[in-house]
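These notes are about the structure you will find just below.
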Amino acid sequence: MDYVYKNPNAPIEVRVKDLLSRMTLKEKIGQMTQIERRVATPFAIGNLSIGSILSTGGSVPFENAVSSDWADMVDGFQKSALQSRLGIPLIYGIDAVHGNNNVYGATIFPHNVGLGASRDAELAQKIGAATALEVRASGIHYTFAPCVEVCKDPRWQRCYECYSEDTEIVRKMTSIVSGLQGQPPQGHQHGYPFVAGREKVIACAKHFIGEGGIERGKNEGNVILSYEELERIYVAPYLDCISQGVSTVMLSYCSWNGRRLHSHSFLVTEILKEKLSFKGFVISGWKGLERLWSDFPNSEPSGSDYRNCILSAVNAGIDMVMVPFRFQHFMEELTSLVESGEVPLARIDDAVERILRVKFAASLFEFPLTDRSLLDLVGCKQHRELAREAVRKSLVLLKNGKDQSKPFLPLNRKAKRILVAGTHADDLGYQCGGWTKTCLGSSGRITIGTTLLDAIKEAVRGETEIIYEENPSNDTLERNDISFAIVAVGEAPFAEVFMSGDSSELVIPLNGPGIISLVANRFPTLVILISARPLLLEPWLLKKIDAFLMAWLPGTEAQGITDVVFGDHDFKGKLPMTWFRRVEDLDQQADGVKMHDPLFPFGFGLTYSKD
Ligand code: GLC
C-alpha cells in the first residue's frame, strides 16, 4: 500500500500525479490507445498497457451473447490489464445509445429523437440510470452516449441519434448524463468527471461539435457557420453535460468551415478544454485520425501520411484514440513523434492525466470486475415498464379524424374485427432501428420484445378478431366486416456505415404509400409511421387516412403505442423537429432561416383532452 495511487482515500488528483510519475512513455502511449475487442490479446493488454477496449456496434463475443457472457469476456480482458506492471485497469466501451443495445435481451428504449418529443428531462434521467445498470451488469464501464448534437436537417442519417432541432430541448435532455453517471454532489468542481460507483457508467457527450448543421445533411460533411453561431446553437448542451461531470467527449467526423474537428486545436483545446473547463478525456471517432487523410476512405494513410494524421490529432488535443485495429503501428508512430519533439511530452502527460482521472473517478481501481448481482436487472420488468412509458410519451399525434369534430382515436378495443397491415406492424428489428444488435440494425425478432402486432393482440384481450396481413390480399380488402385498420409503415434501419441513411428525397420507402392507400381506400385507417425522422407526406395521402401517428423508433416495448391509441393514456409528445412540406424547404432551415409553411410546425402534437 505504499503506492499513493492505490490508496482509495487519497484525493484523485494526488493519485493521478503519483501514477503518472511512475509510468514509462510506452505505458503512457498504451493508455492513450483504444483497440477493438477483436484484436485485444492478453499480450497487448498486459505488455502494452492498452488503456481501453471497445466493441463497435455488432462486435459481440458471439451471436446472441447475453449479459453474463459479456461480463465473462470483459472480466477476462480486465484480469490481463490488472496483471500489467502497474495494474492499471482498462475501460471497456460500447455504444449503449438507447439501452444496452448490443446485448441480447436488454431493454431497448426509444431512440433519442423520440425522447426529444417527450421533452421529459426526468424520464431521460431514469433511462440513463436503467441503461447504466444494464451496461454494468454486462461488465462494461463506458458508453459512447449521449449524442447531444442539435440536428437541423433530417436528410442527415444520424438525425435520430439527436434529441431535437432545438437547442433548449437538447439541453433539457442532457439530464440523461446524471442518470448514466450519477448526480454530482453540491460543490463538485466544474469540469471534473463524476461517476457514482459500480452502478453507474462513464458517459460521453458526442460528437463535438456542430455536426447537426452539416451542409445539406451530408454525413461527415462541412459545417459553415460563424463562431458566434456555432456557440449560440451547439455549445450549451456540451456545457450542460460538463456541468454534470460528463467524463468524456467524442469528436465529430465533420469539419467546421473546412477544417476537420479531429485536428481542430482551437475548438478542442482552446474552447472545450480551456474555455469550457472540461477536465475529462477527449476521444476520437472510430478511425477518426485516418479521416484526416484526404484520400480516406478509398485508401488508408500509411507512412508519413499516417504519422501526420497522428501528429495533428494529438497536438490538437485528442487524449484517447479509437485506433481501432493497427494499434502497434499507431503506438510506434506516436512514440517516435514524442521522441523527435514534434508532440511535446507535456501533451502526452495531459492526455494520460485525463484518462487516469476518469479511471479513478469511476472507481475502476477499487472495483475493476463485474458486480454479478446486477445481472437480473438486464431486460427486467421495471426497465421494460420505463421503456413503455417512454414510448407513450414520445408518440406525436398529427391527425385525428377526417373531420376535426369527429376524432377517430381512441380506437375501440371491442371492435369486431381489426385489420393490421404494413411492413412495420410485426417487426421488432424495424421498431428498434439502427444501433440495435448490430450497428446498422436489422429486421425480425432480433431480441426479446413486443411488436406492435403483439401489443394490439394483448390490448384487445381476445375479444376482437385481429387479421394480420403485411400486404392485405384482395380477398381481405373486399371484406365488409372489418371495423377499421391499423397500418404501420416506415424506414428500414440504418446507421452511419456506408452512408446508408442519408437521403435527399425522404420518401416513405418499402412501398409505404402504396400499402397505406390500398387499405385506406377500403377501411377507416390509422397510420403509424415508424421512422427515424419526418418523411414526405403527400397531401393526397394524408387526406385519405383517418388518423396519423408518428412513433419514431420506439424500441422493444410497443405496448406504449397501444396504451395510447386505445385511450388508456393521452398523447404527450410534441414534434421535436419541424415537419417539412417539400424536401427543398429543408434548405431554408439548414441556412438558419425558420421554415415557412411547414406541414406541421415544430412543437405540434394533438391530444385527446382539449387543454
Ligand atoms: C464511430 C461513431 C460513433 C461511435 C463510435 C464507436 O466513431 O461515429 O458514434 O460511438 O464509432 O462505435
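In each ligand, atom 1 is the first atom listed, and ligand 1 is the first ligand listed.
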Report all N/O contacts between ligand 1 and the protein shorter than 3.5 Å as a table of atom names and distances to 0.1 Å; if there are none, say 'none'.
from: ligand 1; atom 1: 7 (O); to: Y253; atom 2: OH; distance (Å): 2.9
from: ligand 1; atom 1: 7 (O); to: W286; atom 2: N; distance (Å): 2.8
from: ligand 1; atom 1: 8 (O); to: R158; atom 2: NH1; distance (Å): 2.7
from: ligand 1; atom 1: 8 (O); to: E496; atom 2: OE1; distance (Å): 3.1
from: ligand 1; atom 1: 8 (O); to: E496; atom 2: OE2; distance (Å): 2.9
from: ligand 1; atom 1: 9 (O); to: R158; atom 2: NH2; distance (Å): 2.8
from: ligand 1; atom 1: 9 (O); to: K206; atom 2: NZ; distance (Å): 3.0
from: ligand 1; atom 1: 9 (O); to: H207; atom 2: NE2; distance (Å): 2.7
from: ligand 1; atom 1: 10 (O); to: D95; atom 2: OD1; distance (Å): 2.6
from: ligand 1; atom 1: 10 (O); to: K206; atom 2: NZ; distance (Å): 3.1
from: ligand 1; atom 1: 12 (O); to: T56; atom 2: OG1; distance (Å): 3.1
from: ligand 1; atom 1: 12 (O); to: D95; atom 2: OD2; distance (Å): 2.5

For S531 and L553, what are the C-alpha separation, side-chain angles and deciding distance, and is it a side-chain contact (heavy atoms from CB on, under 4.5 Å)? CA-CA 6 Å; S531 119; L553 298 169; 5.6 Å; no
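Checked against the 2.5 Å cut-off, the SG-SG distance between C159 and C151 falls under it.
H383 pairs by the side chain to side chain donor-acceptor pair (under 3.5 Å) definition with E134, not counting sequence neighbours.
Partner K287 forms a salt bridge (Lys or Arg N to Asp or Glu O under 4.0 Å) with one of E36, E300, E220 and no other, that one being E300.
Stacking of R291 on the aromatic ring of Y253 is recorded, both the 6.0 Å distance cut-off and the 45° axial limit being met.
Between K206 and D95 a salt bridge is recorded (basic side-chain N to carboxylate O distance below 4.0 Å).
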